[in-house]
Asker: 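This is the structure I want to talk about, given as structure tokens.
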2 protein chains.
Amino acid sequence: MPISQKAQYAVRAVFELAKRQGAGATKIGEIAEAQAIPQRFLENILNSLKGGGFVESVRGKDGGYLLARPAKELTVGAVLRFVEGPLAPVECMAGNKKGSCPMYGGCPFLSLWARAEKALEGVYDSTTFYELVAQEAEERRKPAVDFTI
Amino acid sequence: MPISQKAQYAVRAVFELAKRQGAGATKIGEIAEAQAIPQRFLENILNSLKGGGFVESVRGKDGGYLLARPAKELTVGAVLRFVEGPLAPVECMAGNKKGSCPMYGGCPFLSLWARAEKALEGVYDSTTFYELVAQEAEERRKPAVDFTI
DNA sequence: CACTGTCTCTACCGATTAAATCGAGATTAA
DNA sequence: TTAATCTCGATTTAATCGGTAGAGACAGTG
């Protein structure tokens with residue numbers, strides 16, 4: 001049920017680029033190190049993100065990656081959807097394979113899944129990378145909050 | 001990212017038992033047929049649910065399964081958690097493997113994941129099987145709503 | 001008791017997916 | 001030309017998912 005490692009790497013990479021926006025291209029290696037992502041794997045991910053219009057690349061020496069859009073216009077939801085597909089909590093809600101469910105037509109859970117999806121979307125689509133960067137800068141000023149129970 | 005098939009089978013099975021609560025034990029075969037679940041697989045699931053205290057079993061002839069508690073006290077969230085583990089959107093939030101994350105201590109996404117988890121919990125923990133059964137009965141009276149886009 | 005229908009338990013299997021790696025190539029700056 | 005960098009597809013490896021199998025335990029019936 002959780003978000004895949006790959007998707008987390010993707011958002012972390014975009015986050016890192018957001019932090020460095022305006023400072024020229026960032027090499028894959030730097031992103032990999034800063035965010036603790038296997039470099040070879042990150043190559044694939046960034047390349048795919050480029051196809052999605054999230055990042056741009058510069059080749060050759062002094063090359064690297066840049067955010068393709070202002071961080072204020074980039075939501076976590078958009079990135080997650082791009083790498084993971086719909087934010088649907090169950091397969092049968094995922095558009096492409098509707099009708100695959102034997103319960104289709106009278107599924108008593110449909111509206112529940114729909115509510116869950118809306119709840120998730122509400123969180124992810126309302127969070128921009130700009131906010132995340134700002135929030136991190138803020139938290140660096142103050143003592144970290146411990147979320148342990 | 002979606003909820004596993006197994007977990008969906010589990011909630012469907014519990015739902016079926018909720019519908020039949022008060023009518024004696026229901027055989028695995030009947031549940032399997034009513035909810036379109038592979039019977040052999042359902043055996044495992046129900047047995048596991050028994051261990052979790054969600055259902056009770058009666059062996060021998062005229063045996064079967066019963067809901068262990070009133071449907072009003074059984075939430076979808078409780079069942080999902082039992083079969084799938086924590087409702088956490090990412091591994092590193094899942095209690096058991098905290099500290100496995102290389103970002104631990106200063107992860108800029110922690111509060112985001114926490115909000116996502118809360119949102120999901122809000123939906124799943126507030127929905128009881130009693131409501132689902134009632135809702136289905138209601139919808140059977142009226143024409144089905146088509147969620148297709 | 002023997003029989004039958006039911007749940008119980010543990011192991012197993014095949015396919016798919018996730019995560020990561022690799023290698024050879026293309027591009028650019030110096 | 002050389003070195004640094006992205007590009008792209010293929011490959012590997014390991015885990016997980018969905019499902020199956022079979023022997024056994026238990027309870028009621030005649």
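In the text below, chain A, chain B and the rest are named by the order of the sequence lines, each starting its count at 1. In what follows, every heavy atom counts, from backbone to side chain, and hydrogens, waters and symmetry copies are set aside.
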Asker: Has A:Y9 got a side-chain N or O lying under 4.0 Å from the OP1 or OP2 atom of C:dA20?
Answerer: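 A:Y9 to C:dA20 OP1/OP2: side-chain N or O found under 4.0 Å.
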
Asker: Between C:dC7 atom P and B:L66 atom CG, what is the distance in whole Å?
Answerer: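 Rounded to whole Å, this separation is 11 Å.
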
Asker: What's the CD-P distance between A:Q8 and C:dA20, to the nearest Å?
Answerer: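 To the nearest whole Å, that distance equals 11 Å.
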
Asker: Would you kindly give the NZ-to-P distance between B:K61 and C:dC7, to the nearest whole Å?
Answerer: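 Interatomic distance, NZ of B:K61 to P of C:dC7: 13 Å.
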
Asker: Just wondering, do A:R12 and B:F109 contact through their side chains at under 4.5 Å, heavy atoms?
Answerer: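 SC-SC contact between B:F109 and A:R12 confirmed.
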
Asker: Can you tell me how far apart CG (B:L66) and OG (B:S57) are? Round to the nearest 0.5 Å.
Answerer: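 Reported value, rounded in 0.5 Å steps: 8.5 Å.
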
Asker: If you group Ile, Leu, Val, Met, Phe, Trp and Tyr by side-chain heavy-atom gaps below 4.5 Å, do B:L49 and B:Y130 land in one group?
Answerer: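 No.
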
Asker: With a 4.0 Å limit, can you tell me whether A:S57 has a side-chain N or O closer than that to the phosphate oxygens OP1/OP2 of D:dT5?
Answerer: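 For D:dT5, neither OP1 nor OP2 has a side-chain N or O of A:S57 closer than 4.0 Å.
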
Asker: Atom CD1 of B:I45 to atom P of C:dC9: distance rounded to whole Å?
Answerer: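 Checked: the CD1 to P distance equals 16 Å.
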
Asker: Rounded to the nearest angstrom, tell me the gap between atom OH in B:Y65 and atom P in D:dA27.
Answerer: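 Distance, rounded to whole Å: 14 Å.
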
Asker: Here's a test of your reading of the structure: between B:K6 and A:G60, which maps to the more 5' nucleotide of DNA chain D?
Answerer: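 Result of the comparison: A:G60.
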
Asker: Hey, are B:E84 and B:S4 close enough side-chain-wise for a donor-acceptor pair under 3.5 Å?
Answerer: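 There is such a pair (donor and acceptor under 3.5 Å, judged by atom type) between the side chains of B:S4 and B:E84.
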
Asker: For B:I37 and D:dG19, give me the distance from atom CD1 to atom C1', rounded to whole Å.
Answerer: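 Value for this atom pair: 13 Å.
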
Asker: Salt-bridge test for B:R141 and B:E136: reply yes if a basic N is under 4.0 Å from a carboxylate O, no otherwise.
Answerer: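 Salt bridge absent between B:R141 and B:E136.
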
Asker: Students often get this wrong, so: under 4.0 angstrom with heavy atoms, is B:I28 touching a base, only sugar-phosphate, or nothing?
Answerer: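 Here B:I28 touches the backbone only, sparing every base.
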
Asker: Ignoring hydrogens and angles, answer whether the base of D:dG18 and the side-chain atoms of B:R40 contain a donor-acceptor pair closer than 3.5 Å.
Answerer: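 Result: no qualifying N/O pair found.
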
Asker: Could you pick out which residue, A:F41 or A:R59, lies toward the 5' side of DNA chain C when each is mapped onto its nearest nucleotide?
Answerer: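 The answer here is A:F41.
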
Asker: Between D:dG18 atom P and B:E84 atom CD, what is the distance in whole Å?
Answerer: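 Between P of D:dG18 and CD of B:E84: 8 Å.
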
Asker: Assign A:G29 to base, sugar-phosphate, or nothing according to its heavy-atom contacts below 4.0 angstrom with the strands shown.
Answerer: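 Nothing, no heavy atom under 4.0 Å.
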
Asker: Where the side chain of B:N47 is defined as all heavy atoms beyond and including C-beta, which of C:dC9, C:dC22, D:dA4 is the nearest nucleotide?
Answerer: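 So the side chain of B:N47 is nearest to C:dC9.
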
Asker: Side-chain N or O of B:K27 versus OP1/OP2 of C:dT6: is the shortest distance under 4.0 Å?
Answerer: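 The answer is yes; a side-chain N or O of B:K27 sits under 4.0 Å from OP1 or OP2.
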
Asker: Nearest whole Å is fine: how far is C:dG23 P from A:N44 CG?
Answerer: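 Distance check: A:N44 CG to C:dG23 P gives 15 Å.
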
